Every structure is written in C-alpha cells, then in structure tokens.
Amino acid sequence: MPEVDVQSQEIHHQDQHSEVFNPPAHISERAWVKSYNEYKNNYDASMDEQFYAGIAREFHWEKPFTQILDYNFSRKKGRVFVEWFKDGTTNVAYNCLDRNLNANRGDKIAFFYEGNEPTETNSITYKQLHEQVVDFSSVLRNMGVRRGHCVAIYMPMVVEIVVAMLACARIGAIHSVVFGGFSAESLANRILDSQARVLITTDGVFRGPKPVELKKCCDDACRIVNQQLTAGYNGIEKMVVYQRLGAEHLKLKEWVDGRDIWWHDAIKQIDRTIAPPAVEWMNAEDPLFMLYTSGSTGKPKGLVHTTGGYMVTAATTFKYVFDYHDQDIYFCTADCGWITGHTYLCYGPLLNGATSVLFEGIPTYPDESRCWRMIDRYNVTQFYTAPTAIRALMRFGDDKVTQTSTRNTLRILGSVGEPINPEAWMWYHRVVGNSNCAIVDTYWQTETGGIMITSQPGAVPTKPGSASVPFYGVVPAVMRKKSDQSEDLVLDNTDEQFKQDEFYEESQVEAEGYLVIKRPWPGLARTIYGDHGRYEETYFSMFDGYYATGDGCRRDKDGYYWLTGRIDDVLNVSGHRIGTAEVESALVGHKSIAEAAVVPMPHEIKGQGIYAYVTTKEGIVGDEALRAQLKSTVRVALGPIATPDVIHFTPSLPKTRSGKIMRRILRKIAEGLDSVSQLGDVSTLADPSVVDMLLKNK
Ligand code: ATP
Ligand code: MG
C-alpha cells in the first residue's frame with residue numbers, strides 16, 4: 001500500500017522517494033554478520049528458544065539453568081508473566097567485571113572519562129573498576145543494604161555512577177537511577193515509589209557553564225519524602241555524596257549528621273581486616289533494577305528489569321547492532337538516567353568487555369564541535385546518540401563538523417529515542433559519517449530492555465527514516481481493525497468501544513496499524529514496580545496475547561518497519577491515516593526549518609485536522625510567505641490530504657528531559673486548552689517556560 005488514491009488525492013509515502021544504502025563493503029567484510037542472508041538465517045534460528053539459551057551459556061552461571069522460557073501474554077488465560085532461564089543463578093556485575101578479569105582483560109580500559117571541561121580527562125581499567133565496585137559494595141553493605149533492597153542514584157555522568165550501579169548489582173540490591181536533571185519533587189516521587197533508604201548523589205556538577213546543585217536537590221527531596229512517610233518506611237536513612245566540585249565551587253547548605261556521608265570518607269571507613277561482601281548469586285528472575293520511562297505520553301512508569309534475561313538481551317544487542325570488536329572504542333552520549341545509559345553505556349558494553357567513552361558534558365560546550373573533536377581524540381569507532389542532538393548540531397552548519405575533525409575512525413553511527421527524519425539521517429550519514437559509515441536507527445523502549453527493530457551494520461541495507469528489521473527473537477506484528485474495510489486505517493483509541501473492538505493481525509507483508517510484539521524476548525520488563533495490574537493494563541489489555549508498544553507503524557513490501565508516531569498522535573484526516581513522523585519529516589525537509597512536531601486537532605469537517613509546530617533555523621523569520629511555502633512543501637511530498645491546517649511558529653518545542661518532543665502537551669494546546677494546569681503531568685519537561693511561550697503566541 002505505498003500509494004492510496006483518495007478522491008484523486010494521493011498520499012505518498014516516504015520510501016517511494018528515498019534511496020537504499022547497502023552496508024559499506026569495508027564494514028561487511030569484518031562484521032559478525034556479513035550479509036542479509038546471514039542475518040535472515042540467524043533470525044530464523046532465533047525463533048527457537050535454544051538460540052538465546054546458547055548465548056546465555058557463554059556467561060557465567062553459578063547454577064546453570066535447565067528451564068529456558070515460560071510465559072503468558074494473554075490476560076484471558078490468567079496472570080501475565082515472562083520467565084527466562086528461571087532455575088539458574090548468576091550475577092550481572094560478576095559477568096561485567098570478574099568474567100573480564102578472568103579473560104585477561106584486567107588492564108583493558110573500560111571507560112575513557114571526559115568531564116564537563118575538555119581538559120578533565122581520565123580512564124579506568126577493568127581491574128580498577130572491579131576494585132572500586134567491590135569497595136563500594138562494602139560501603140552499601142555497611143549501611144545495611146541487602147539483597148532485594150532498593151537504592152536510589154541521582155548523579156551526573158561520572159564513572160562513580162557506573163560504580164554505584166554495579167555495586168548494587170553485585171550484592172543483589174535493586175538500583176533506581178533518577179536522571180540528575182530532575183527536580184526535587186520528581187526525585188521525591190520516585191524515592192517514595194521505590195521506598196529506597198539509601199540515596200547516592202554528588203555535591204554538584206557543571207552542566208556547560210552552569211553549576212547544578214545536586215545535593216541541595218536531594219535535601220529538598222528528602223524533606224518532601226519525610227512529609228509522606230508510611231508505616232515501615234522512614235525515608236532516606238543514608239545519603240552518600242561523591243565530591244565532584246569541592247568546596248571552592250559550592251558551599252553545601254545542609255549536612256545532616258548521621259545521614260550524610262562523603263563517598264571518600266565512606267571508602268576510608270571500610271574495615272580492611274574483614275573480607276568484602278561476596279557476590280550475591282541471584283535467581284535469573286530476581287530484579288536487577290527499576291527505571292522510569294521518559295513520560296512523553298503520561299505519568300512515568302517504574303519498569304522492573306530482571307537479571308538473566310536482561311543480561312542476555314543487553315549483551316547480544318550491543319554486540320551485533322554496534323558490531324563490537326575487541327579493539328573498538330565505543331561512544332554513547334546517553335545519560336545513565338535513561339534506559340539507553342543502562343543498556344548501552346553500562347551493561348551492554350561491559351558484558352562484551354568493551355572500551356567506552358563516558359562523557360559528563362553537553363555537545364554544545366565549550367562549542368558545537370565538542371563531540372566531533374572527542375571522536376578524533378579517542379579514535380571512536382561507534383557513535384550512538386539521539387535525533388534531537390543530531391538535529392540540534394545540524395543547525396550550526398557543516399563546518400562545525402568538517403573543520404574541526406576527520407572522524408576517520410568511525411564505522412557505525414547509531415540513533416535512538418524518536419523517529420529520525422530522512423533529512424537528519426542524510427546529514428548524519430554524509431557529514432558526520434563521511435558517507436562511509438553504516439547507520440543503525442534503533443527502535444526500542446524502556447520496557448523492552450534492549451533494541452527491538454534495527455539494521456545490522458554489515459548485513460542489512462538501510463532506508464533513511466526506517467528502523468528496518470526485527471532483531472533476533474523479536475516477532476513484531478501489525479494490528480488492524482476488523483470492521484475497517486477501507487484500504488486505509490481508521491484507528492482511534494479514544495473510542496470507548498476500543499477495547500471491545502476486534503482487531504486482526506495483518507498477514508500481508510505490507511501493512512499499517514499498531515505495532516505489537518507476539519512473543520517474549522529475554523529483555524522485556526517483567527512488571528511495573530509495585531503495580532502489576534498497571535503493567536497488564538498498559539501493555540497487554542489492548543490486544544489479548546500481544547505486547548502493545550503504543551507506537552504506530554507501517555511495514556513496507558520488503559518487511560521494513562517505519563515508525564509513524566505514538567498511537568495517540570496518529571492523524572486521522574477524513575478517515576485517512578497519516579503518520580505524524582511523515583508530515584514532520586516533510587516540514588524539516590524545507591531548508592528554513594530546524595525542527596517540527598505535528599499533532600491532530602479537532603476539525604468540523606475532516607474529523608481531525610493537522611496542526612504543525614515549527615521551529616525555524618537561526619536567523620529566519622516565520623511569516624505568511626514561509627507558511628504558504630511549508631504547506632506547499634508538504635502537499636508536494638505527501639499529497640493534498642496531508643496539508644497542515646495550522647502552522648504555529650515557535651522558537652522552541654517542549655521536550656522531556658531525555659530530549660524527546662512531548663507531543664501530548666502540543667496536542668492539548670492544539671485542542672484549545674489554554675492554561676498550564678490543564679496540561680497534565682509536566683514534571684518531566686526540561687524547560688517549563690516553553691509552554692507559556694506556546695500559549696502566548698498561539
Ligand atoms: P512514556 O512511555 O512515559 O510516555 P517514552 O515512551 O518517551 O515515555 P521511552 O521508553 O524512553 O519513554 O521511549 C520509548 C519510545 O521512544 C518508543 O515507544 C518510541 O515512541 C520512541 N522511539 C525510540 N526509539 C525510536 C526510533 N528509533 N524510531 C522511532 N521511535 C523511537
Ligand atoms: Mg513509552
């Protein structure tokens with residue numbers, strides 16, 4: 001269904017115009033997977049659960065598993081659950097560290113660290129990291145942290161955040177990392193939800209030129225927590241403070257004796273005459289960590305990931321998607337406050353014995369060439385970032401990239417977090433990658449633990465804007481409504497009948513609808529912390545027997561998946577389904593436009609109209625002439641039916657702290673809501689003043 005004729009109005013889809021890029025030969029030659037056929041054979045083999053059992057056995061199991069997989073995805077049949085390798089015991093931190101020491105990687109560098117200032121550099125070997133983790137596990141143990149307890153972590157991107165996470169994992173404590181940019185109130189809510197008694201933080205950090213007082217935020221959060229204590233929960237009893245800034249920068253305003261302790265003092269106080277705590281052998285289905293989603297669509301959910309399955313997914317996806325080899329230097333810009341930082345900065349790389357770059361700063365400080373210079377400095381071979389960063393850096397022009405670095409060592413460029421529009425994809429490919437790298441557009445979620453849909457650099461040809469094909473063990477399906485006879489889809493989940501409606505799984509290769517997953521892969525989150533009912537309701541009630549991603553998609557004739565937008569944002573114009581991502585990429589294709597976000601608006605005749613928020617490039621004014629040009633650009637690219645009804649120029653878009661456009665706020669403004677109080681949970685917004693600005697210049 002690449003083209004639909006609607007009363008002589010045509011909808012074109014992106015892939016009609018876009019090129020296909022074959023994997024560069026120099027990458028295929030040395031890749032783990034060298035051709036599409038090889039990928040396909042592996043994929044077919046991964047349909048058997050023995051595939052992941054074989055990979056799991058490459059890791060250390062204290063007690064080997066005999067059971068591989070047991071699950072139920074259907075609420076009609078009972079409680080939803082997933083269990084991988086259930087009767088085995090292992091430890092993820094052991095596999096990240098001790099296993100590498102045993103494999104003679106002790107002197108290999110685990111992380112090159114670069115701080116906010118380019119001059120603050122350091123590195124840490126696997127042996128040193130192991131020592132620090134063992135020490136910090138003693139600290140936690142001395143504070144009474146035991147197997148199954150939850151520990152909150154609120155830190156910037158310093159090596160110690162990884163040390164803290166792994167120390168928890170080593171003694172079987174569940175870590176809950178909260179992004180260091182969140183407010184005291186958001187931190188407090190997450191502490192209350194997890195009932196953590198220990199909080200690990202830093203005095204502060206510089207983010208670009210700006211000092212941020214993390215400890216003060218923790219103090220405020222503790223005060224909020226203390227007002228809401230419940231029976232058996234006394235709030236934060238111990239706060240460990242890593243000294244990042246020191247006294248010359250920040251005077252700590254508050255220090256609670258008996259509760260607060262400096263990280264370095266806690267290390268000094270370890271009694272070296274007694275042995276450090278032993279590795280805690282965890283059951284495969286014991287929790288490893290909990291983590292909240294970005295909150296793009298609503299109140300964040302505390303997803304729980306378990307030990308064995310998560311470990312296998314993190315390790316396998318990292319190895320194949322980034323085609324990681326022993327001499328490579330991998331650089332992921334994600335913060336450990338998000339799932340990408342968990343799986344592709346901490347666990348995935350360490351489980352593969354990789355060397356990574358850990359970066360505390362921001363890509364625009366001291367200037368917009370920071371990342372490109374770093375790629376040259378460390379000889380980076382794989383670079384992984386988000387479309388929001390790519391679009392932001394693209395705005396400053398090619399010279400910032402080409403005049404400051406060669407990027408000659410790069411092989412693979414990754415993207416994650418949102419659909420990457422073809423315009424940004426091409427720039428990433430041509431300018432950053434010197435037209436000589438493979439791009440992997442990786443689709444996945446906090447819930448999925450690891451990458452779900454992606455190309456593999458040496459094997460799968462890429463189409464700009466498509467995440468490509470499923471990873472091993474992942475069985476996606478596209479759901480359509482039965483009653484819907486027309487070629488195009490009418491999907492509306494605000495319909496009260498929605499849940500009773502019968503859907504069917506499209507069996508044709510070409511399909512469009514809701515993206516669901518048919519069976520469990522090892523890394524799927526097992527529950528929402530403390531609320532299994534919400535887990536079942538959110539992911540398994542929409543289509544019985546399937547995991548619902550909440551995203552819309554289109555599958556083309558080659559079986560490639562194109563993510564079209566969040567289900568809530570799918571446009572339904574006069575009964576025709578149009579992906580928000582497609583309209584956005586047409587808008588961003590215009591030379592004056594930096595960024596665009598498209599949402600539905602109520603429309604008397606069409607049911608829904610198209611409301612586009614648009615940010616212009618530096619120095620360009622959004623006027624009537626540009627408005628007309630933009631409408632015509634979309635009309636030419638996608639057909640008259642996709643022409644936006646409203647073009648709203650704005651200097652910036654509301655984004656989550658992870659950098660994603662928060663479309664649910666834009667949708668409410670497009671629906672006519674005009675006060676901040678009507679917009680729902682905005683606590684995950686990076687800059688709340690953007691909302692006022694949007695409301696003002698409506
Ligand atoms: P919440 O679930 O609280 O609304 P969120 O969905 O933004 O927040 P994450 O788990 O961080 O939380 O993000 C996962 C979502 O990000 C996916 O469901 C999808 O909408 C989007 N996404 C991630 N990677 C890609 C990609 N490569 N292409 C398209 N969309 C992507
Ligand atoms: Mg989500």
Side-chain angles (χ1 to χ4, degrees), residues 14 177 179 186 190 290-303 305 317 321 334-344 384-390 413-422 424-425 428 439-455 462-471 476 514-517 523-525 528 534-535 538-539 542 547-554 560-570 579-582 584-585 597 654-665 667 680-686:
Q14 293 164 347
V177 181
F179 175 58
S186 303
R190 286 160 179 75
M290 56 180 293
L291 182 68
Y292 294 86
T293 52
S294 309
S296 302
T297 58
K299 188 170 174 281
K301 303 164 274 280
L303 276 321
H305 283 283
T317 49
V321 177
D335 191 286
C336 278
W338 309 114
I339 190 68
T340 307
H342 281 61
T343 309
Y344 299 111
Y384 194 27
T385 195
T388 181
I390 299 166
L413 296 170
S415 170
V416 60
E418 288 186 294
I420 176 166
N421 48 295
W425 196 105
Y428 203 25
I439 290 193
V440 288
D441 174 3
T442 62
Y443 167 79
W444 60 296
Q445 311 177 300
T446 307
E447 294 85 344
T448 68
I451 293 165
M452 300 292 279
I453 298 179
T454 180
S455 51
T462 46
K463 305 182 186 188
S466 167
S468 312
V469 294
F471 190 71
Y514 287 145
L515 177 64
V516 298
I517 314 289
L524 173 62
I528 290 178
R534 188 176 174 207
Y535 174 79
T538 310
Y539 307 110
M542 211 178 268
Y547 167 83
T549 61
D551 292 307
C553 82
R554 193 166 56 78
Y560 276 51
Y561 290 81
W562 300 73
L563 279 301
T564 48
R566 309 282 180 141
I567 283 172
D568 290 353
D569 290 313
V570 157
T580 49
E582 292 175 311
E584 285 161 14
S585 75
K655 293 198 177 160
T656 62
R657 303 208 178 234
S658 55
K660 294 182 196 206
I661 298 167
M662 218 197 259
R663 289 183 178 73
R664 76 181 148 89
I665 287 181
R667 194 167 62 237
D681 184 1
V682 292
S683 66
T684 55
L685 212 53

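First listed ligand is number 1; within each ligand, the first listed atom is number 1. From a predicted model like this one, the values you see are computed outputs, not experimental measurements.
Within the 4.0 Å heavy-atom shell around ligand 1 one does not find G550.
The parts of T446 lying near ligand 1 are both backbone and side chain, judged by heavy-atom distances below 4.0 Å. Within the 4.0 Å heavy-atom criterion, neither part of W338 lies near ligand 1. At a heavy-atom distance under 4.0 Å, only backbone atoms of T442 (N, CA, C or O) approach ligand 1.
Between the side chains of S296 and S294, no donor N or O sits under 3.5 Å from an acceptor N or O.
Of all protein heavy atoms, the one lying nearest to atom 6 (O) of ligand 1 is R566 NH1, 2.7 Å. Of the protein's non-hydrogen atoms, the one nearest atom 13 (O) of ligand 1 is K660 NZ, 2.5 Å. The closest protein non-hydrogen atom to atom 17 (C) of ligand 1 is D551 OD2, 3.3 Å. Looking only at protein heavy atoms, the nearest one to atom 26 (C) of ligand 1 is E418 O, 3.4 Å. When only non-hydrogen protein atoms are considered, atom 7 (O) of ligand 1 lies nearest to S296 OG, 2.6 Å. Protein heavy atom closest to atom 3 (O) of ligand 1, with residue, atom name and distance, is T293 OG1, 2.6 Å. The protein atom (non-hydrogen) at minimum distance from atom 22 (N) of ligand 1 is G417 O, 3.2 Å. Looking only at heavy atoms of the protein, atom 2 (O) of ligand 1 is closest to K301 NZ, 3.4 Å.
Ion pairing of E418 with K655 is absent here, as no side-chain N (NZ or NE/NH1/NH2) approaches a carboxylate O to less than 4.0 Å.
Residue-ligand proximity, D441 to ligand 1, at heavy-atom distances under 4.0 Å covers atoms 26 (C), 27 (N). Ligand 1 places these atoms under 4.0 Å from at least one heavy atom of L563: 29 (C).
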*Could you walk me through whether T538 and E447 pass the side-chain contact (heavy atoms from CB on, under 4.5 Å) test, one step at a time?*
CA-CA 11 Å; T538 310; E447 294 85 344; over 6 Å; no
*Just do the side-chain contact (heavy atoms from CB on, under 4.5 Å) check on L291 and T446 with the steps written out, would you?*
CA-CA 8 Å; L291 182 68; T446 307; 4.1 Å; yes
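With hydrogens and angles ignored, the 3.5 Å screen pairs no side-chain donor or acceptor of R566 with any backbone N or O of T580. A donor-acceptor pair is defined here as one N or O able to donate and one able to accept, closer than 3.5 Å; such a pair exists between the side chain of T343 and the backbone of G449.
Nearest heavy-atom pair, C553 versus T564, reported as atom, atom and distance to 0.1 Å: N-OG1, 3.3 Å. Closest of all the heavy-atom pairs between A467 and Y443 is CB-CB, 3.9 Å.
Taking only nitrogen or oxygen atoms, main chain and side chain alike, G295 reaches within less than 3.5 Å of ligand 1. Here's the thing with S415: none of its N/O atoms is less than 3.5 angstrom from an N/O atom of ligand 1.
For the side-chain contact (heavy atoms from CB on, under 4.5 Å) with T442, the lone residue among I420, V321, T340 that qualifies is V321.
Aromatic ring orientation, Y344 versus W444: perpendicular (interplanar angle above 60°, classes split at 30° and 60°).
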